[in-house]
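First comes the structure, then the notes that go with it.
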Amino acid sequence: MPMIQVTLPDGEVNEYSTGITAGEVVIDIFGRKHGCVAAFIDDEQRDFSTIISNNCSIDGISAESEEGIHVMRHSAAHLLAQAVVMLYPEAKPTIGPAIERGFYYDFANLESFGETDLKAVQKKMHELARNNLTIERVECSEDELTELFATNPYKLEIIADKLEDGDGSTIYRQGEWYDLCLGPHVHSTAKLMHVRLTSVSSAFWRGDQNREQLTRIYGLVEASKEALKLKMAALEEAKKRDHRKLGKDLQLFHVDEDVGQGLILWTPRGAIIRTVLQNFISEHLTRQGYHQVYTPHIGKLDLYRISGHFPYYQDSQYPPLVEKDLMKKLSDDGCSCSDLSNLMVSGDIDGYMLKPMNCPHHIKIYSSQPRSYRDLPLRFAEFGTVYRWEQTGEISGMTRVRGFTQDDAHLFVTEDQIAAEVLGCIELVQIIFAALGMSDYRVRVGLRDPDSSKYVGESQRWDRAEEACRKAADSLGVNWSEEPGEAAFYGPKIDFIVKDVIGREWQLGTVQVDYNLPERFELNYKGSDGELHRPVMIHRAPFGSMERFCGVLIEHFAGKFPTWLSPTQAHIITISEKHADYANKIATKMRNAGIRVEVDDSDATIGKKIRNHRKMYPAYMIIVGDGEMENGTVSIRARNGNQSADVALDSFITDICEEIEKKVAVPSLVLEENC
RNA sequence: GCCACCAUGGCUUAGCGGUAUAGCACCUCAUUGGUAAUGAGGAGGUCGCGAGUUCAAUUCUCGCUGGUGGCUCCA
């Protein structure tokens, strides 16, 4: 029998007879308990059943590896579809990929399927897994495929789209069930015992709102029972730091249905966090030569006609406001809502709009007086509140809202100044992320799509601006990706993106170069040559909005803010009622030193009071009793439970002020360890 | 907006065709207690809103409002 040479992962070469499968080689290398789900053949992912007929290299794909988990998830999606079709024969499977957090499968004809139905499907999946069905790969011609999927228009659409005329493809078969798929897959359903279906939702066929709505089922799969249990526990744990839960527990913000969806009410404790952050940011703005400005919440429709926001973005704006005399006249004339809307779009009547962006107002500040090249760069900053009509279903906590305050600024610069100014914006992000210990974010540099002509401005200018963005992103020292086609039509941009506790990505800040608005508003400055030139604008909101940023921060700290940001920095707790005066006296002294203090002189026991105050995660609890009162001292209990007895009040105040001043990440004014 | 699910005092929650549990928080009294729950008592709810079915609805049906997961991951 002819032999073939197989290179093993350690570089050794083994000889096997042709006809051996990849799975058999993996067993030969790693033994029966190989823990692999598929194999790499010449670095390509293949099934265990693949027959080896040429010299090649082979390695196992461990169930724990990224690729292995992906294979498991994909196979679990197939198992899900098999189970669903057995229970709901009318259902039409469409697509079912592995995703970052598990897998899903989309079904047509599965309306009114709800979370209560998940249990039965999951049970069926377990049953199929126990049956230890072999998962086989079968090569099919285009005709065979068309016949196999004759009753499933979705699969037929995929076949028509993905296959060149006359090409075949593969299906995977397990028991009676088969699905169109490239693979690879695990070799048996027995590998998929540890699945858990998590949720049901809807999705559109091919992500297109105009096409059929499908029912999507999400699930998780792990290699062992323990791993699944750990996964579920980790998800539960993550939910505890959800900013919506913590926001309520810690009284940071409130959303009231009588006020409106997506409109954040900053309660006193949350307002402190916002104020402290804004002050922190403002200090750096001053240092970087920004000018703080204030502008109103509304502006005339005409302003937004010039900027291009109205009516182009009409769907994502609150409807305009119309002056009351005009409104009365229109109403007397029998003008309907749609007439009104048409008149506004055509420009026949004017009104005001809640501002969806701050730029037009800042532009008007720029053009309020003649500018010379000596004035540039001009940097106008404002914590400007804007309003956008987000879709009902999109609104969520503080991260997706309808009214929000951007840490906004607009820089008016000459062409030559773009690079330095973009870099300056990035530096600010770096300083503040570093102060907050936020390192888990990604950066996306949006560039123009070279094949498209939708972009305004000359291409040499774009090249320079894009290069400036790349350089600035480089300076951050974190991973960033270049994304052609992601630029705005008016200029390239840099976006900062973070994940929330349940893995959703949110864009925080953005820095955008803009050639368009200066054009639209005919901005200019007098150059050294005595001629008028057009400035370039840079829009930047490095943290996006105070709402979203604080939401993300709550989760980042899990509610346990560093002392400088903490809504209350020290809770003073009395041992008994006779210490109330002393407690209030030191509270006054601490407040005078600028420390945020709360006093609990109620008559509950000390243990009880500590227990209750812990829930609010103050950086420090200050315990005062007879000893402290006599000596003019305090006992400190840090958030982590560490204690320090009989510390002189003045020295504590000095220390905590220093900790606040230095923005120390973890409250740490404790001498003895005593957990 | 669309699909599924959810909505009970400040929070967590039981319950059901006959107007409702419990714990924490709150208040009162006793206790004056030294670092994760002292004891006893009390108050607090038109069961999200509006209609319908019924002798009767928090419970069933419909609508609305609000919330949650998702609607970008492509055989």
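By the side-chain hydrogen bond (donor to acceptor under 3.5 Å, both in side chains) test, Asn152(A) pairs with no residue at all, sequence neighbours left out. Checked against side-chain hydrogen bond (donor to acceptor under 3.5 Å, both in side chains), Glu483(A) has the following partners two or more places apart in sequence or in another chain: Ser481(A). In this structure Leu265(A) satisfies the side chain to side chain contact (heavy atoms under 4.5 Å, CB included) test together with His254(A), Asp256(A), Val259(A), sequence neighbours excluded. Residues satisfying the side chain to side chain contact (heavy atoms under 4.5 Å, CB included) test with Ser201(A), not counting sequence neighbours, are Arg216(A), Tyr218(A). Under the side chain to side chain contact (heavy atoms under 4.5 Å, CB included) criterion, Arg402(A) pairs with Gln261(A), Leu263(A), Tyr318(A), Trp389(A), Glu390(A), Thr392(A), Ile395(A), not counting sequence neighbours. Applying the side chain to side chain contact (heavy atoms under 4.5 Å, CB included) test to Pro320(A) and every residue at least two apart in sequence or in another chain returns Leu301(A), Phe310(A), Met344(A).
Between rG69(B) and Arg101(A), no contact under 4.0 Å exists linking OP1 or OP2 to a side-chain N or O. Regarding contacts with the backbone of rG70(B), a side-chain N or O of Arg504(A) is found under 4.0 angstrom from either OP1 or OP2.
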Base-pair map of RNA chain B as dot-bracket, where | denotes pairing with a different strand and pairs are Watson-Crick or G-U under 3.5 Å: (((((((..(((.....[...))).(((((.......))))).....(((((..]....))))))))))))....
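Distance Glu212(A) CD to rC3(B) P: 15 Å, rounded to the nearest Å. For the pair Met629(A) CE and rG33(B) P, the computed distance is 13 Å after rounding to whole Å. Put simply, NE2 on His613(A) is 17 Å from P on rC24(B), counting in whole angstrom units. The CH2 atom of Trp205(A) sits 14 Å away from the C1' atom of rC73(B) (whole-angstrom rounding). Whole-Å rounding puts the Ile69(A) CD1 to rC73(B) C1' distance at 17 Å. If you take CD1 of Ile95(A) and C1' of rC73(B), they are 8 Å apart, rounded to a whole angstrom. Regarding Met621(A), its CE atom lies at a distance of 17 Å from the P atom of rG34(B), rounded to whole Å.
Here rC71(B) is the nucleotide among rC73(B), rU35(B), rC71(B) with the atom lying nearest to any side-chain atom of Ala203(A). Listed candidates were rG34(B), rG69(B), rC24(B). Nearest to the side chain of Ser199(A) is rG69(B).
Remark: Glu100(A) engages Lys499(A) in a salt bridge, criterion side-chain N to carboxylate O under 4.0 Å. Using a 4.0 Å cut-off between a side-chain N of Lys or Arg and a carboxylate O of Asp or Glu, Arg444(A) and Glu505(A) do not qualify as a salt bridge. Ion pairing between Asp242(A) and Arg244(A) holds under the 4.0 Å rule for side-chain N and carboxylate O. Checked for salt-bridge contact, Glu394(A) and Arg388(A) miss the test: no charged N lies under 4.0 Å from a carboxylate O.
A distance of about 31 Å separates the C1' atoms of rU32(B) and rA22(B), rounded to the whole Å. One C1' atom belongs to rG44(B), the other to rG33(B), and the distance between them is 29 Å to the nearest Å. Taking the C1' atom of each, rG52(B) and rC11(B) are spaced 34 Å apart, rounded to whole Å. As rounded to the nearest Å, rG23(B) and rU38(B) have P atoms that lie 16 Å from one another. To the nearest whole angstrom, the two C1' atoms, one in rU13(B) and one in rA20(B), are 13 Å apart. Using atom P as the reference point in both rG10(B) and rU46(B), the two lie 9 Å apart (nearest Å). Only the C1' atoms considered, rG67(B) is 30 Å distant from rA43(B), to the nearest whole Å. As rounded to the nearest Å, rU68(B) and rA51(B) have P atoms that lie 28 Å from one another.
Relative orientation of the His70(A) and His74(A) rings is perpendicular, given thresholds of 30° and 60° on the angle between their planes.
Counting atom types as modelled, Ser202(A) pairs a side-chain N or O with a base atom of rG70(B) as donor and acceptor under 3.5 Å. Between the base of rG34(B) and the side chain of Glu628(A) there is a donor-acceptor pair shorter than 3.5 Å.
Here Thr198(A) lies out of heavy-atom contact (under 4.0 Å) with every strand. When heavy atoms are screened at a 4.0 angstrom cut-off, Asn612(A) is found touching the sugar-phosphate backbone but no base atom. Residue contacts shown for Gly627(A) include a base, since a base heavy atom lies under 4.0 Å away.
Between Trp506(A) and Ile497(A) there is no side-chain heavy-atom pair separated by less than 4.5 Å.
RNA chain B is contacted by Ile575(A), Ser576(A), Glu577(A), Lys578(A) of residues 571-585 of chain A, taking any non-hydrogen atom closer than 4.0 Å.
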Contact list (N/O, under 3.5 angstrom) for nucleotides 65-67 of chain B vs protein:
from, atom 1, to, atom 2, distance (Å)
rU65(B), O2', Glu257(A), OE1, 2.8
rG67(B), OP2, Gln261(A), NE2, 2.4

Between the protein and nucleotides 4-7 of chain B, which nitrogen or oxygen pairs are less than 3.5 angstrom apart?
none

Pull out every protein N or O sitting under 3.5 Å from an N or O of nucleotides 37-46 of chain B, one pair per line with the distance.
from, atom 1, to, atom 2, distance (Å)
rA37(B), N7, Arg611(A), NE, 3.4
rA37(B), N7, Arg611(A), NH1, 3.0
rA37(B), N7, Arg611(A), NH2, 3.2
rA37(B), N6, Arg611(A), NH2, 2.4
rA37(B), N1, Arg611(A), NH2, 3.3
rU38(B), OP1, Thr605(A), OG1, 3.1
rU38(B), OP2, Thr605(A), OG1, 2.9

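Not a single donor-acceptor pair under 3.5 Å links the side chain of Gln314(A) to the backbone N or O of Val345(A). Without hydrogens or angle criteria, Gln569(A) side chain to Arg596(A) main chain gives a donor-acceptor distance under 3.5 Å.
Looking at which nucleotide of RNA chain B each of Asp242(A) and Pro97(A) is closest to, the 5′-most match is held by Asp242(A).
Applying the side chain to side chain donor-acceptor pair (under 3.5 Å) definition to pairs two or more places apart or across chains, those involving residues 609-618 of chain A are His571(A)-His613(A), Thr574(A)-Lys609(A), Asp600(A)-His613(A).
Looking at Thr563(A) and Glu659(A), their side chains do bring a donor and an acceptor atom within 3.5 Å of each other. Checking Gln45(A) against Glu67(A) by side-chain atom types alone, no donor-acceptor pair falls below 3.5 Å.
In the displayed structure, Asp581(A) atom CG is contacted under 6.0 Å by at most 12 heavy atoms of other residues, nucleotides or ligands.
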